[in-house]
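Heads up: the structure comes next, in structure tokens.
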Amino acid sequence: MPELPEVEHQARALRRILEGATIDRAEADRTPVLKGTTTPASFAAALAGRSFEGIERVGKQLLLAFDGGAGLASHLGMTGRWRVRAGDEGPRHGRARLFLRDGRVLDYVDVRMLGRLEIVPRASFAAIVASLGPDPLRDGLDAERLAARIGGSGRPIKTVLLDQTVLAGLGNIQVTEALFHARVHPERPANTLTPAEIAALAEGILATILHTLAVHERDEEIVYLSDRTDAPNPFLVYGRVGEACPRCGKPITTITIAGRTSPHCPRCQRLTRSDLRRGRG
DNA sequence: CGACGCACCTGTGCGC
DNA sequence: TGCGCACAGGTGCGTC
């Protein structure tokens with residue numbers, strides 16, 4: 001569920017919460033969330049008594065650094081989140097928890113357990129960062145850079161943008177919104193985009209990330225948009241199939257690409273036979 | 001290399 | 001009211 005803006009929102013919240021904090025005790029349940037060699041026992045042992053030294057986010061990865069060279073890599077998957085406990089009782093679907101010296105408890109909550117927690121040496125953070133493409137928010141993005149990343153790939157632009165080694169942090173919503181901004185059909189072969197379209201896409205990527213982040217930052221706490229069923233849909237086309245395109249009024253339609261729903265405007269985001277032919281050739 | 005299905009998981013909402 | 005199914009903002013594997 002979380003994409004770059006949600007993960008950034010979490011990173012900022014965790015930075016505030018953990019500033020100057022020490023972990024007295026840590027627990028993780030035996031669930032598929034624990035990856036690699038991490039077990040409930042090694043999770044507890046690696047984090048007990050550690051003081052927090054920093055957090056960085058790259059793409060959808062959260063990397064927490066502690067003293068003594070210890071690190072915690074946290075990927076939220078579809079439904080993961082960190083939250084500070086309000087009462088004594090742990091939240092539903094809590095999978096791990098950090099008991100801070102000042103009495104607060106930080107819970108890792110993950111309904112579907114598609115997220116990941118892994119104890120890794122801080123020294124390995126660089127390798128994780130290196131395995132991902134540039135992060136639009138951290139590293140910036142412009143037309144030239146995006147063109148270089150897309151390269152000559154004839155794959156659908158949507159598939160390319162979802163590839164975390166091309167750009168880090170984009171997910172189905174952000175890609176959907178960015179393509180709408182740039183008026184580019186999700187199935188357009190990446191190598192058929194004009195320089196103007198690539199420029200518009202770079203702009204669209206940054207615009208949708210900043211917009212989504214701003215919506216999240218209205219909440220001090222870690223709250224997901226989907227938590228608030230009362231809140232209006234903040235997106236232009238995502239979640240709006242059948243509604244009128246905000247630009248031209250034509251109903252938003254959807255197709256499936258790489259197994260993901262891809263809402264788009266059939267008029268603003270055209271795909272021609274010639275595009276497909278040029279992409280293959 | 002790339003497209004595709006499937007697996008990993010649970011919860012929710014919708015149609016019958 | 002209940003059941004079954006499709007679907008959900010992610011990733012990684014095996015297979016053709």
Side-chain angles (χ1 to χ4, degrees), chain A residues 1-11 29-36 57-62 73-82 91-96 108-118 128 131-133 135-137 150-180 186-191 205 208-209 211-213 215-216 219 222-231 233-242 254-264 276 279-281:
Chain A
M1 145 189 240
E3 302 183 29
L4 192 158
E6 288 82 2
V7 183
E8 174 64 18
H9 181 49
Q10 294 241 337
D29 303 336
R30 183 169 299 283
T31 70
V33 163
L34 299 185
K35 297 296 181 192
R57 178 201 58 78
V58 195
K60 300 168 194 167
Q61 286 279 351
L62 289 170
S74 166
H75 188 295
L76 304 172
M78 290 282 270
T79 53
R81 76 182 62 190
W82 287 92
R92 217 161 118 76
H93 308 303
R95 311 300 184 186
Y108 177 70
V109 186
D110 192 342
V111 174
R112 291 177 65 186
M113 299 187 286
L114 297 175
R116 294 198 298 265
L117 289 175
E118 188 171 1
I128 295 174
S131 72
L132 298 166
D135 180 297
L137 193 60
I150 288 173
S153 171
R155 302 152 79 199
I157 185 65
K158 168 146 190 181
T159 307
V160 173
L161 294 177
L162 284 174
D163 184 339
Q164 302 296 299
T165 68
V166 172
L167 287 180
L170 301 185
N172 200 31
I173 293 181
Q174 300 303 316
V175 168
T176 295
E177 294 290 296
L179 288 170
F180 177 74
E187 280 182 312
R188 274 283 292 287
N191 57 7
I205 289 168
T208 181
I209 287 173
H211 169 69
T212 310
L213 183 56
V215 171
H216 279 286
D219 287 302
I222 299 171
V223 177
Y224 283 175
L225 299 176
S226 55
D227 293 344
R228 335 197 67 192
T229 45
D230 54 320
N233 176 354
F235 304 115
L236 296 171
V237 287
Y238 186 84
R240 296 194 184 279
V241 174
T254 185
I255 52 175
T256 299
I257 303 175
R260 325 296 300 280
T261 61
S262 302
H264 61 280
L276 293 173
R280 277 196 308 269

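A, B, ... follow the sequence lines: proteins, then strands. Residue 1 opens every chain.
- At B:dT10, none of the side-chain N or O atoms of A:H93 fall inside 4.0 Å of OP1 or OP2 (strictly under the cut-off).
- Proximity of A:I173 to A:T212: side-chain heavy atoms (C-beta onward) are nowhere separated by under 4.5 Å.
- In the interface, the side chain of A:R112 is paired with the base of C:dA8 through a donor and an acceptor atom under 3.5 Å apart.
- Using P as the reference atom, B:dT10 and C:dT1 are 27 Å apart when rounded to the nearest Å.
- Looking only at distances, no side-chain donor or acceptor of A:Q61 sits under 3.5 Å from a matching main-chain atom of A:A73.
- One finds no side-chain N or O of A:R155 lying less than 4.0 angstrom from the OP1 or OP2 phosphate oxygen of B:dC1.
- When distances are taken from the side chain of A:V111 to each of C:dT11, B:dG11, B:dA3, the shortest belongs to B:dG11.
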Apply salt bridge (charged side-chain N to carboxylate O under 4.0 Å, His left out) to the pair A:E118 and A:K35, showing each step before the final yes or no. CA-CA 5 Å; A:E118 188 171 1; A:K35 297 296 181 192; over 6 Å; no
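- Rounded to whole Å, the separation between the P atoms of C:dG4 and B:dC9 comes to 22 Å.
- In terms of phosphate contacts, A:T79 brings no side-chain nitrogen or oxygen within less than 4.0 Å of OP1 or OP2 of C:dA8.
- Contact check, A:K35 against C:dT11: no side-chain N or O comes under 4.0 Å of OP1 or OP2.
- Checking side-chain atoms of A:T79 against main-chain N and O of A:R112 turns up a donor-acceptor pair under 3.5 Å.
- Among the atoms of the strands shown, none is found under 4.0 Å from any heavy atom of A:Q174.
- Side-chain proximity of A:P32 to B:dC9, C:dT11, C:dA8: nearest is B:dC9.
- Rounded to whole Å, the P atom of B:dC6 lies 15 Å from the corresponding atom of C:dC5.
- Nucleic acid contact for A:R95: none, since no nucleic acid atom lies under 4.0 Å from a heavy atom of the residue.
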